[in-house]
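Each ligand, and each atom within it, is numbered from 1 in the order the structure gives. Nothing here was measured: the structure is a model prediction, and the numbers come from that model.
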Amino acid sequence: MSTIEDPTDDHLEVTPPKTWATGLPAVTHALQYSLGQTTVRRTALTLLNINQAKGFDCPGCAWPEPDPKHRHLQEYCENGAKHISDEATSRRVTADFFREHSISELDGKSDYWLNQQGRLTEPMVKRPGSDHYEPIGWDGALDLLAGELRALDSPDEAVFYTSGRVGNEAAFLLQLFARAYGTNNLPDCSNMCHESSGSALNETLGIGKGSVSLDDIHRSDLVLVVGQNPGTNHPRMLSALEETKRAGGQVVAVNPLPEAGLMRFKHPQKARGIVGRGTTVADQFLQIRPGGDLALFQALNLLLLEAEDAAPGTVLDHEFIDTHSTGFAEFARHARKTDWDDVRKATGLTREEIEQLHERVLRSRSVIVCWAMGLTQHKHGVPTIREVVNFLMLRGNIGRPGAGVCPVRGHSNVQGDRTMGIWERMPQAFLDALEREFGFTPPTRHGWDTVDSIRAMRDGRARVFVGVAGNFVRAAPDSDLTEAALRTCRLTAHISTKLNRSHTVCGDTALILPTLGRSDRDVQGGVEQFVTVEDSMSQVHASRGRLEPASGTLLSEVAIISRLAARTLGDSPSLPWAAFEADYGAVRDRISRVVPGFHDYNARAAEPGGFLLPNPVNHGTFPTPSGKAVFTCNDFTMVQAPERHLVLQTLRSHDQWNTVPYAMNDRYRGIHAGRRVVLVNPVDLEALGLADRDRVDLVSVWHDGVERRARDFRVVPYPTTPGSAAAYYPETNVLVPLDSVADISNTPTSKGVVVRLEPSGTAARVPSPPPTGMR
Ligand SMILES: Nc1nc2c(c(=O)[nH]1)N[C@H]1C(S)=C(S)[C@@H](COP(=O)(O)OP(=O)(O)OC[C@H]3O[C@@H](n4cnc5c(=O)[nH]c(N)nc54)[C@H](O)[C@@H]3O)O[C@H]1N2
Ligand SMILES: Nc1nc2c(c(=O)[nH]1)N[C@H]1C(S)=C(S)[C@@H](COP(=O)(O)OP(=O)(O)OC[C@H]3O[C@@H](n4cnc5c(=O)[nH]c(N)nc54)[C@H](O)[C@@H]3O)O[C@H]1N2
Ligand code: SF4
Ligand SMILES: [Mo]
């Protein structure tokens with residue numbers, strides 16, 4: 001029997017939020033987690049190889065490594081070490097485990113418990129009508145899946161989901177398989193993540209990626225960190241910001257929460273970081289209302305236009321505007337209508353605070369805006385990011401050193417997967433290149449993204465779901481609806497490293513196809529293989545697994561996809577799946593002929609540190625229809641909650657990787673031994689008649705009239721912007737309505753959910769000191 005206990009929230013403890021990030025405690029926490037999962041030897045081997053030129057890429061976030069000449073021996077952060085230890089764990093989920101635990105029993109366990117069981121070791125099947133997984137060999141599993149795919153009335157009844165841990169080679173093969181099979185149904189985690197960034201950047205700059213390098217961050221005069229919590233989610237970004245500050249640059253944070261990593265940073269790999277006071281990160285902190293960023297950037301743009309009026313020729317970059325952009329005049333007319341009362345209401349910021357930031361902008365020759373989920377997961381996420389682009393373009397802060405757009409990506413290879421064609425709407429040029437290389441005509445009708453895939457399953461239009469990495473059921477919004485949708489499928493199959501909730505929410509038939517992780521050695525035909533990944537700043541490089549695989553039965557993602565494709569479509573000279581499985585270099589050769597920027601892929605990927613994909617924006621070329629960067633007019637919008645309601649954002653704790661909690665703590669925010677908590681400003685608590693640690697249900701309010709309820713949360717007073725609240729994902733995904741999505745990008749509005757708090761049962765009060773630093 002499993003010895004892991006399913007934790008309860010009974011021992012919840014709250015301490016004041018931390019005002020600085022990392023330093024010695026971080027190192028200790030990382031080691032503790034690793035040693036809890038595996039041996040000292042495996043821990044040492046893992047940590048020595050992480051992010052080294054000849055080792056494996058950290059499977060955590062997509063923040064880039066410095067070039068190999070400037071790497072430390074420990075080029076990883078506390079959380080990177082946890083992510084890798086979680087994968088390198090010595091615990092195993094075997095056929096015996098599934099004999100002991102029925103699927104309905106597993107469905108009652110927490111996400112934490114499921115993950116703690118360890119690595120999946122052999123293919124398993126759940127047959128129709130059964131409540132248990134049982135072993136099935138690889139041939140049986142893949143024949144079954146291929147048979148179901150071939151039996152569908154239309155290829156569009158199948159959905160192929162990808163999460164951003166998948167390497168370039170497997171991602172390329174997956175989209176090749178799906179398109180050769182006949183569908184563009186390739187939803188991915190990006191649909192729930194940076195899709196709004198891609199939409200806004202493609203439209204305005206002609207390329208859906210960031211334009212800056214690490215060096216740009218280091219040398220920038222001003223870096224705005226907006227809607228992002230780097231101390232937890234991109235910890236080594238703090239080392240980069242420390243460099244910015246040492247070189248005389250400034251940092252401004254825009255966030256509803258005073259996140260520890262935005263305040264002060266102690267570098268864990270430097271002596272002064274461990275014992276010293278560390279570096280103050282944010283020179284200015286703008287505590288904004290959720291969804292207020294569009295208004296903030298509109299106000300900044302108005303101030304820039306007015307400053308130019310007052311001193312013509314000194315504020316705006318006319319050279320950039322005249323030569324490289326279109327739409328300025330219309331934009332300027334529109335921007336001048338910005339109303340300060342609206343701005344105040346939307347942002348909660350005073351005009352003085354915004355003017356102070358404006359002064360910093362005027363003093364800075366180069367400005368970078370970094371952002372993440374705080375901007376993308378709102379109804380007006382796309383217009384907000386378009387307004388950020390307007391802001392940067394006004395002073396020519398695009399395509400020159402120390403300046404540019406920096407959407408900070410989540411998963412380590414989420415950007416690479418897109419480059420490889422994982423997208424339900426790849427442009428025609430990409431499809432044409434596939435046709436030239438492989439001799440079949442890919443379907444041109446757009447496929448379903450994540451939200452549309454759920455709708456299709458719900459409505460019986462999709463019958464087979466295949467997930468490559470990720471945890472679709474827990475990542476997606478509207479948990480109850482999504483679970484019901486998955487259960488209508490004839491078959492659900494997951495290529496996974498670890499057990500998660502998606503394995504317990506089954507179609508008639510369900511498959512678990514266990515695979516190698518980033519850190520596992522990958523040998524095909526006696527030859528060691530490597531895979532490649534692309535980081536958030538478009539650097540492509542190799543990743544070589546170094547550990548003994550979790551089980552001798554595991555297949556790599558490349559092998560599983562190739563074998564499935566061969567069984568579904570047949571192996572032919574034009575689609576030689578067996579050859580792809582035998583040598584990943586053969587896959588890279590094909591990529592080099594299909595995807596722009598990948599010439600000499602094999603040779604360049606083998607170089608230490610890899611190679612940088614060109615970004616045309618940095619050469620003054622904008623691949624938009626007009627060939628110029630586009631100023632846009634964005635209508636003012638804000639997130640509004642009715643009386644006695646709050647705007648809830650669903651976010652990550654310090655101790656989780658997306659849908660997977662590693663522990664029940666959120667150290668920097670002072671939350672210990674509990675995750676069902678909702679952080680609310682004391683002013684709102686008083687108005688609502690609630691007290692510290694009261695038990696409440698969160699009820700989301702949406703115009704379809706369906707009641708969405710997350711039960712039994714504990715209220716914690718916290719210095720979040722008045723009118724807003726925060727609680728952890730995935731426990732609160734049940735509250736995000738499927739149809740509440742960002743305009744254009746279709747991204748669920750995970751950061752703007754209108755809720756009311758209802759007392760649940762009788763409150764068992766545990767007295768504790770309130771956190772400090774309230775306003
Ligand atoms: N340890 C760890 N690292 C991770 C992940 C993880 O789960 N754990 N996940 C990875 C992935 S896939 C991603 S996408 C990234 C996510 O990285 P983040 O985007 O940093 O993640 P979130 O926890 O969603 O935090 C959102 C931040 O935006 C702020 N915010 C919320 N709403 C608004 C708003 O309206 N305006 C502004 N200005 N700020 C707002 C929140 O207070 C919070 O600080 O992290 C990646 N890295
Ligand atoms: N409410 C709310 N919902 C959100 C968000 C939010 O902020 N709020 N954030 C959204 C965002 S930004 C994202 S990116 C998504 C994340 O959504 P996903 O990417 O779908 O979820 P993860 O939790 O990263 O997936 C974890 C699982 O991936 C599998 N896995 C890990 N490594 C590997 C590997 O190397 N290979 C394979 N094959 N499998 C592997 C393991 O089985 C593990 O259980 O969630 C989204 N959902
Ligand atoms: S910053 Fe991100 S990529 Fe780097 S070590 Fe930490 S988790 Fe891994
Ligand atoms: Mo993400």
Considering all heavy atoms of both residues, which atom of Leu201 and which atom of Lys209 are nearest to each other, and what is their separation? CD1-O, 3.8 Å

Are Asp655 and Arg667 close enough for a salt bridge, meaning some N to O gap below 4.0 Å? no

Could you tell me if any non-hydrogen atom of Arg652 lies under 4.0 Å from any atom of ligand 2? yes

One thing to verify: whether Asp188 and Arg418 come together as a salt bridge, which I'm taking to mean a side-chain N less than 4.0 angstrom from a carboxylate O. yes

Heavy-atom neighbours of Lys379 NZ exceed 12 at 6.0 Å: no

Proximity to ligand 2 by part of Met192, non-hydrogen separation under 4.0 Å: both

Quick one: look up the protein heavy atom nearest atom 36 (N) of ligand 2 and list residue, atom name and how far away it is. Glu557 OE2, 2.6 Å

Residue and atom name of the nearest protein heavy atom (relative to atom 6 (Fe) of ligand 3), distance in Å to one decimal: Cys77 SG, 2.3 Å

Between Ser700 (side chain) and Val755 (backbone), is there a donor-acceptor pair under 3.5 Å? no

With a 6.0 Å cut-off on the ring centroids, do Trp113 and His101 count as close? yes

Quick one: does Val660 get an N or O within less than 3.5 Å of an N or O on ligand 2? no

Among all protein non-hydrogen atoms, which one is nearest to atom 47 (N) of ligand 2, and what is the separation to 0.1 Å? Ala475 O, 2.7 Å

Would one find an N, O or S atom of Cys61, in either backbone or side chain, under 2.8 Å from atom 8 (Fe) of ligand 3? no

Walk me through it: do Tyr662 and His83 pass the test ring pair (Phe, Tyr, Trp, His ring centres under 6.0 Å)? CA-CA 9 Å; Tyr662 295 150; His83 304 323; 5.7 Å; yes

Would you name the heavy atoms of Val281 and Gly261 that are closest together and state the gap between them? CG2-O, 3.5 Å

Closest contact, heavy atoms only, Pro661 versus Tyr112: O-CD1, 3.4 Å

Proximal atoms of ligand 2 relative to Trp657 (non-hydrogen, under 4.0 Å): 23 (O), 24 (O)

Check this for me, if you would: do Lys498 and Glu87 make a salt bridge, where the nitrogen-to-carboxylate-oxygen distance has to be below 4.0 angstrom? no

Please state whether Leu651 comes within less than 4.0 angstrom of ligand 2, counting heavy atoms only. no

In ligand 3, which numbered atoms sit nearer than 4.0 Å to a non-hydrogen atom of Tyr76? 5 (S)

What residue and heavy atom of the protein are closest to atom 8 (Fe) of ligand 3, and at what distance? Cys58 SG, 2.3 Å

At a 4.0 Å threshold, what atoms of ligand 2 neighbour a non-hydrogen atom of Thr515? 36 (N), 37 (C), 38 (N)

Subset of ligand 2 atoms that lie under 4.0 Å from at least one heavy atom of Asn500: 27 (C), 42 (O), 43 (C), 44 (O)

Per-atom contacts, ligand 2 versus His411 - under 4.0 Å to a heavy atom: 14 (S), 19 (O), 24 (O)

Element-labelled atoms of ligand 3 that are located less than 4.0 Å from some non-hydrogen atom of Gly80: 6 (Fe), 7 (S), 8 (Fe)

What are the atoms of ligand 2, with element, lying closer than 4.0 Å to any heavy atom of Met373? 12 (S)

Out of Phe465, Tyr161, Tyr133, Phe160, which one pairs with His494 under the ring pair (Phe, Tyr, Trp, His ring centres under 6.0 Å) rule? Phe465

Which heavy atom of the protein is the closest neighbour of atom 42 (O) of ligand 2, given with residue, atom name and distance? Lys498 O, 2.8 Å

Nearest 0.5 Å please: distance from the CG atom of Leu651 over to the OH atom of Tyr729. 10.5 Å

May I ask you to decide whether Asp520 forms a salt bridge with Arg119, counting only side-chain N to carboxylate O separations under 4.0 Å? yes

Would you indicate whether the side-chain heavy atoms of Leu241 and Val225 approach each other to under 4.5 Å? yes

Just to check, does His194 reach to within less than 4.0 Å of ligand 2 when the distance is taken from its heavy atoms? no

With a 4.0 Å cut-off on heavy atoms, is Lys751 in contact with ligand 2? yes

Can a donor-acceptor pair be found, under 3.5 Å and without considering hydrogens, that links the side chain of Glu169 to the backbone of Thr532? yes

If you have a sec, work out which protein heavy atom is nearest atom 45 (O) of ligand 2 and how many Å separate them, to one decimal? Tyr729 OH, 2.8 Å

closest protein heavy atom to atom 23 (O) of ligand 2 is Thr659 OG1, 2.6 Å

Backbone or side-chain N or O of Thr650 under 3.5 Å from ligand 2 N or O: yes

Heavy-atom nearest neighbour in the protein, as seen from atom 33 (C) of ligand 2, with distance rounded to 0.1 Å: Thr497 OG1, 3.5 Å

If you scan protein heavy atoms around atom 21 (O) of ligand 2, the nearest is Asn471 N, 3.6 Å

For a salt bridge (Lys or Arg N to Asp or Glu O under 4.0 Å) check, start with the C-alpha distance between Asp739 and Arg455, then their side-chain angles and the critical distance, and finish with the verdict. CA-CA 9 Å; Asp739 294 332; Arg455 290 179 178 140; 2.8 Å; yes

Please could you name the atoms of ligand 2 that Cys189 approaches to less than 4.0 Å, counting only its heavy atoms? 14 (S), 19 (O)

of all protein heavy atoms, closest to atom 25 (O) of ligand 2 is Gly470 CA, 3.2 Å

For a salt bridge (Lys or Arg N to Asp or Glu O under 4.0 Å) check, start with the C-alpha distance between Arg676 and Glu731, then their side-chain angles and the critical distance, and finish with the verdict. CA-CA 7 Å; Arg676 294 185 84 79; Glu731 288 84 346; 5.8 Å; no

Is the contact between Ser750 and ligand 2 made by the side chain, the backbone, both, or neither, using heavy atoms and a 4.0 Å cut-off? side chain

Would you check whether Tyr161 has a nitrogen or oxygen atom less than 3.5 angstrom from a nitrogen or oxygen atom of ligand 2? yes

Give me the residue, atom name and distance of the protein heavy atom closest to atom 1 (S) of ligand 3. Arg236 N, 3.4 Å

